[in-house]
Structures are given as C-alpha cells and as structure tokens.
Amino acid sequence: MQVLLIEDDERIAGPLAEGLGRYGFDVERVRTGAAALAADEPDMVLLDLGLPDMDGIDVCRALRQRSDVPIIMITARGEEIDRVLGLELGADDYMAKPFGVRELVARIRAVTRRARPGAIAGTGSAGDAAPSAAAPATVDTAQQVGPLAIDRRTRQVHLAGRHVALAPKEFDLLAHLAEDPGAVCPRQQIVDQVWDPNFFGPTKTLDVHVAALRRKLGDPAWIETIRRVGFRLHVPEATGTTGGTGTTEVSGTTGVPGTTANTGTTGVTVQPAFEQGQDVR
C-alpha cells in the first residue's frame, strides 16, 4: 500500500516512516502542503495539520474536492473543534499526538476496510498476515494448542470449550507466544512485537500481563518463565499434550493497546503507564 505522509517535522516523520515500513507500507514523505497536492494519488494520506506553507485543513479540503483517497489526520491539535472540523471536511479518521505506530497501523487498516472493501492494508509484520479476501467465511482460523484454541481473526480464545475473556494486550501476548508453542520467546522480543521497539513503559508491564494470562488460563504452568531469558507457552502435563504441538494459522490482527491487567495474586488492578508503542510527539 502506498502511503503519503505529509509531515514537516523530521523527528516525527523519520521514525514514523520507518515504523510503517516494518508493517509493509510503502511510505512517501513530503514536507509541505503544496508538495502534497502535487504528488501522485496514494492509497492513503497521513496529514499533519501544522504545515509550514498552509494549514493542513486546507490541504484536506483540496484533496477531498478532487479525490476520495482515505485521509487520516495526525496532529498535536487535540481539541474537539479541530477533530470535528477535520472530519466534517472529509477526513476519515483523526489521531492526536502522541500515538503508537501499532495503533496507527490498526486505524489505517480499519479506514481501508471501510473505504475500499477487500483491500489489504500493508503486508503486516512479525507474525501478522492480512486475511485473504477470497477465504470462505466458514474457514476455521483458530490455532489449537492442546485444549487451548486461539482465533486471531475474531480475537477469541477458548480453553476446553470455555470462552476466556482477555484484554486486548493480553490477547496479543498470548498470540505471540503461540506462534511457536514450546519455543522460548526472549523478553525484549516480546516487548518489541507485542508493544513496540521504542516502548517506554514500566519494566514490569510484561510481567503483569503474564500474571494476568496465567490467572485467566487457570494454571500458571501454561506460561513458563525461563529465568533471565523470557517466557514460553507450554501445555500443562495434566492435559496429556506436549507444548510443541499445534498448527499455526495466522490472520491479520491490529494490536489495540491494552489498558488494564490483573495480577491474579492480590486482586489489585494494575494500570500500565504506557502501552501504545512508539511515542510520536
């Protein structure tokens, strides 16, 4: 997918273009409104409102008058009047800085699905694959790991037929560990893939989410801690199945940041300070 990034701040544009590139997007960056209006029509426009030569609102209006290309505004203007004005002028979505790359990718995909049904937003990354438009709706996409069923398409988890309610980030963590059941996933790799390579949150955020998953799965043995290395998904021996089995069918997912995780030991709810990945300011 060709993405036109209209952003004059190099501190934002560089990391943002690099992050989107990891998800398979082809990013063209311009610094001014005039350059944006002169560029070839892309598949998606990411538009900052604070441009050096003209207001981003005017760029949005001009783009919308000549094209139906999806437009997502990315700006430090977070007031309601700015959001309403941008959306009324034809923007498809509005993101106030700071935000995470994973959230932006999720919004790009959501806007693309609405604007162009059947289109694939990017190629995905690190275990993410876009769902096939030609796949029958009845195909079972759930991955089976012992009695644990993980459906990435619907983001549903069942254990021995019982639905397990997970927070968004808990599901992302479980899905990552399940990509290779039985294999050890280093802590930093998990943080990079489930959160973001530039995650600046509390160091114990991962441990909090692991504890919550163990509690919800009903047996701490499901997730084994490998001291000073990381974690691995392991089917408890009581199930009579080894942890290395299971087939992998990965459908596209959007990493929606989680908000709350329960430690499962004290009953205290823990609010991670920051879970949105790369901080774009």
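The residues of the chain are indexed from 1 along the displayed sequence.
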Original post:
So, does Gln144 use its side chain to make a donor-acceptor pair with the main chain of Gly146 at under 3.5 Å?
Top reply: yes
Subject >> Distance-minimising heavy-atom pair for Ala36 and Arg66 >> reply: O-NH2, 4.1 Å
**OP:** Inspect the contact between Arg22 and Asp192 and indicate whether a charged nitrogen and a carboxylate oxygen are less than 4.0 angstrom apart.
**Re:** no
Original post:
Does the Asp43 side chain pair with the main chain of Gln2, one donor and one acceptor, at a distance under 3.5 Å?
Top reply: yes
**OP:** Working to the nearest 0.5 Å, report the span between NE2 of His209 and CD1 of Ile190.
**Re:** 12.0 Å
**OP:** Could you tell me the separation between the CD1 atom of Ile72 and the CD1 atom of Ile74, rounded to the nearest 0.5 Å?
**Re:** 8.5 Å
**OP:** State plainly whether the residues Glu170 and Lys216 are in salt-bridge range, i.e. N to O under 4.0 Å.
**Re:** yes
Original post:
Counting heavy atoms not belonging to Arg228, are there more than 12 under 6.0 Å from its CZ?
Top reply: no
Original post:
Near Glu88 CD, under 6.0 Å, is it more than 12 heavy atoms from other residues, nucleotides or ligands?
Top reply: no
**OP:** Answer yes or no: is there a side-chain heavy-atom contact under 4.5 Å between Ile108 and Phe25?
**Re:** yes
**OP:** Rounded to the nearest 0.5 Å, what's the gap from CG on Leu173 to CD on Gln193? Could you check?
**Re:** 12.0 Å
Original post:
Is the closest basic N to carboxylate O distance between Arg155 and Asp172 below 4.0 Å?
Top reply: yes
Subject >> From CG (Leu20) to CE (Met44), nearest 0.5 Å >> reply: 10.5 Å
Subject >> Flag, side chain of Gln143 to backbone of Ala178, donor-acceptor distance under 3.5 Å >> reply: yes
Subject >> Any residue meeting salt bridge (Lys or Arg N to Asp or Glu O under 4.0 Å) with Asp8, in chain and number order, not counting sequence neighbours >> reply: none
Original post:
Are the side chains of Val59 and Met54 in touch, meaning some heavy atoms are under 4.5 Å apart?
Top reply: yes
Original post:
Between Val235 and Trp222, is any pair of side-chain heavy atoms under 4.5 Å apart?
Top reply: yes
Subject >> Min side-chain heavy-atom separation Tyr23-Leu104 under 4.5 Å >> reply: no
Subject >> Over 12 foreign heavy atoms within 6.0 Å of CD, Glu18 >> reply: no
Original post:
So do the side chains of Leu37 and Leu63 get within less than 4.5 Å of each other, counting heavy atoms only?
Top reply: yes
Original post:
Hey, does Phe171 have a side-chain heavy atom less than 4.5 Å from the side chain of Gln156?
Top reply: no
Subject >> Side-chain donor/acceptor of Asp53 to backbone N/O of Gly33, under 3.5 Å >> reply: yes
Subject >> Arg152 (side chain) donor-acceptor with Ala175 (main chain) under 3.5 angstrom >> reply: yes
Subject >> Close side-chain approach of Ile71 and Arg64, heavy atoms under 4.5 Å >> reply: yes
Original post:
Counting only heavy atoms not in Arg31, do more than 12 sit closer than 6.0 Å to its CZ atom?
Top reply: no
Original post:
Are Leu174 and Leu148 close enough that some pair of their side-chain heavy atoms sits under 4.5 Å apart?
Top reply: yes
**OP:** Enter the distance from Leu5:CG to Asp48:CG here, rounded to the nearest 0.5 Å.
**Re:** 8.5 Å
Subject >> Arg214 and Thr225 side chains, donor-acceptor separation under 3.5 Å >> reply: yes
